[in-house]
Student: 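This is the structure, below, for whatever I ask next.
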Amino acid sequence: ATFYTDDEIGRYVNEAIRLWQLYTGYWRTTKTLTSQASIAFYRTSDNPNALLRPLRVSYAGTALNLESMVSADLGRPGWQGTAAGTPLRWIPVGISRICLNPAPSSNSTSITVEGLARAPVLSTDADYLDCSETVMDALYDYVGHIAAFKQGGAEFAASFEKYKAFVTAAGEQNGKFRNSSIYRRALGKDLDPKLRPVYGGPSGSRRRT
């Protein structure tokens, strides 16, 4: 029996790619901006297919220190009124804007922003996906799991091993993700205490049902 069309498989593939990028931040991109004198705030992405979230910023080839807005407000009150000069630090403002402090004092100096790219979207069979064989295998596992949903029954139940393989591979790709609660929840590990509650025995011992 045919459970899905080529169009549905294409949707499953793009879903796998998006989820992989969400879990791992695998695809990166670079955007170059131009400074404007006394202007501190810059938009990093007007194109929905370009840079999604900035991770590193350089000014005239020199890497700037990362600082949070809260840290700047608490540690250096009035920091937004600092006289223009050579930027020493950058502050993320949302996911598509950054602030340089101090604001640049010159025009036309390059500001290089490196960060996460939006997940690639494949629309035709000829589209190319830039990734390793390991990543490709993980994407296949996720697609196999999602496709099995329409089959249901034992086939879908067995496909959860493919889903676990996908999440595990994402954890190996990104150590921070592997140590997060999202990783444990994705593997169903957070459900175990709820499904198997602990009871105290007559002697005070504790056991699971």
Side-chain angles (χ1 to χ4, degrees), residues 4 6-33 44-45 47-58 63-68 90-98 111-151 155-195:
Y4 30 72
D6 287 344
D7 180 66
E8 286 178 304
I9 292 298
R11 294 173 186 269
Y12 301 157
V13 169
N14 284 323
E15 180 179 334
I17 293 172
R18 290 189 179 99
L19 192 57
W20 182 263
Q21 178 68 342
L22 176 66
Y23 284 166
T24 67
Y26 184 81
W27 288 280
R28 306 292 180 98
T29 189
T30 301
K31 183 180 182 66
T32 300
L33 308 174
T44 59
S45 180
N47 184 342
N49 295 317
L51 191 143
L52 178 63
R53 178 189 175 192
L55 297 176
R56 185 173 184 271
V57 178
S58 299
L64 304 181
N65 294 320
L66 170 63
E67 186 176 29
S68 69
W90 72 280
I91 300 171
V93 183
I95 62 173
S96 62
R97 289 170 66 88
I98 61 172
I111 304 170
T112 304
V113 184
E114 302 171 48
L116 300 182
R118 289 185 179 271
V121 176
L122 305 183
S123 56
T124 69
D125 291 343
D127 287 345
Y128 176 79
L129 184 65
D130 184 12
C131 68
S132 68
E133 289 294 332
T134 301
V135 174
M136 189 67 70
D137 289 340
L139 297 178
Y140 285 150
D141 283 334
Y142 185 82
V143 172
H145 167 62
I146 294 299
F149 176 76
K150 294 182 70 174
Q151 295 176 260
E155 287 82 359
F156 181 58
S159 74
F160 274 91
E161 292 303 318
K162 291 181 178 292
Y163 173 72
K164 289 181 179 180
F166 170 81
V167 176
T168 301
E172 293 175 353
Q173 179 70 38
N174 183 351
K176 290 184 178 180
F177 170 61
R178 183 174 56 199
N179 294 323
S180 70
S181 61
I182 299 175
Y183 177 78
R184 295 191 297 273
R185 190 179 308 120
L187 287 178
K189 293 184 177 181
D190 285 354
L191 294 176
D192 184 67
K194 299 177 183 178
L195 297 177

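Heavy atoms only: backbone and side chains are in, while hydrogens, waters and symmetry mates are out. Throughout, numbering of the chain's residues begins at 1 and tracks the sequence.
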Student: Is there side-chain contact between L139 and F166, with heavy atoms separated by less than 4.5 Å?
Tutor: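 Yes, side chains in contact.
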Student: Taking side-chain hydrogen bond (donor to acceptor under 3.5 Å, both in side chains) as the test, write out the residues that go with E155, two or more places apart.
Tutor: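 side-chain hydrogen bond (donor to acceptor under 3.5 Å, both in side chains) list for E155, sorted by chain: empty.
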Student: Partners of A63 by side-chain contact (heavy atoms from CB on, under 4.5 Å), sequence neighbours excluded?
Tutor: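 A63 satisfies side-chain contact (heavy atoms from CB on, under 4.5 Å) with R56, S58 only.
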Student: Check residues 168-176 and write down every donor-acceptor pair under 3.5 Å in which the side-chain atom is one partner and the other belongs to a residue at least two apart or another chain.
Tutor:
residue : atom : partner : partner atom : Å
T168    : OG1  : K164    : O            : 2.8
N174    : OD1  : K176    : N            : 3.0
N174    : OD1  : F177    : N            : 3.4
N174    : ND2  : Y23     : O            : 3.1

Student: Can you name the residues that form a side-chain hydrogen bond (donor to acceptor under 3.5 Å, both in side chains) with T24, not counting sequence neighbours?
Tutor: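 Applying side-chain hydrogen bond (donor to acceptor under 3.5 Å, both in side chains) to T24 gives W20.
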Student: The criterion is salt bridge (Lys or Arg N to Asp or Glu O under 4.0 Å); which residues satisfy it with R53, sequence neighbours excluded?
Tutor: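 Counting only residues at least two positions away or on another chain, R53 forms no salt bridge (Lys or Arg N to Asp or Glu O under 4.0 Å).
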Student: Going by the rule side-chain contact (heavy atoms from CB on, under 4.5 Å), which residues pair with F156 if we only count those two or more places apart in sequence or in a different chain?
Tutor: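 F156 satisfies side-chain contact (heavy atoms from CB on, under 4.5 Å) with H145, A148, F149, S159, F160 only.
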Student: Please check if the side chain of Q21 supplies one atom and the backbone of W27 the other of a donor-acceptor pair under 3.5 Å.
Tutor: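 Looks like yes, one N/O pair under 3.5 Å.
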Student: Is there a side-chain contact between L55 and L116 (heavy atoms, below 4.5 Å)?
Tutor: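 They are in side-chain contact.
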Student: With P54, which residues qualify under side-chain contact (heavy atoms from CB on, under 4.5 Å), at least two apart?
Tutor: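 P54: side-chain contact (heavy atoms from CB on, under 4.5 Å) contacts with T44, L51, W90, I98, V113.
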Student: Under the salt bridge (Lys or Arg N to Asp or Glu O under 4.0 Å) test, which residues partner E161, sequence neighbours left out?
Tutor: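 Once residues adjacent in sequence are excluded, E161 has no partner under the salt bridge (Lys or Arg N to Asp or Glu O under 4.0 Å) criterion.
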Student: So which pairs with a foot in residues 10-20 pass salt bridge (Lys or Arg N to Asp or Glu O under 4.0 Å), sequence neighbours left out?
Tutor: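 Salt bridge (Lys or Arg N to Asp or Glu O under 4.0 Å) check on residues 10-20 returns D7-R11.
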Student: Closest approach of I91 and S68, non-hydrogen atoms and distance?
Tutor: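 Smallest heavy-atom distance, with atoms named: CG2-C, 3.9 Å.
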Student: Report yes if the side chains of I17 and V121 come closer than 4.5 Å at any heavy-atom pair, otherwise no.
Tutor: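 Result no, sub-4.5 Å side-chain heavy-atom pair not found.
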Student: Which heavy-atom pair separates Y142 from L19 by the least distance, and what is that distance?
Tutor: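 Between these two residues, the closest heavy atoms are CE1-CD2, 3.5 Å.
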Student: Side chains of S132 and Y26: does their closest heavy-atom pair fall under 4.5 Å?
Tutor: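 Heavy-atom side-chain distance check passes, below 4.5 Å.
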Student: Heavy-atom distance under 4.5 Å between the side chains of S123 and N14, does that happen here?
Tutor: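 Side chain of S123 against side chain of N14, heavy atoms only: no contact under 4.5 Å found.
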Student: Tell me, which pairs form a salt bridge (Lys or Arg N to Asp or Glu O under 4.0 Å) where one or both residues lie in residues 124-151, sequence neighbours left out?
Tutor: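 Qualifying pairs, neighbours excluded: E8-K150.
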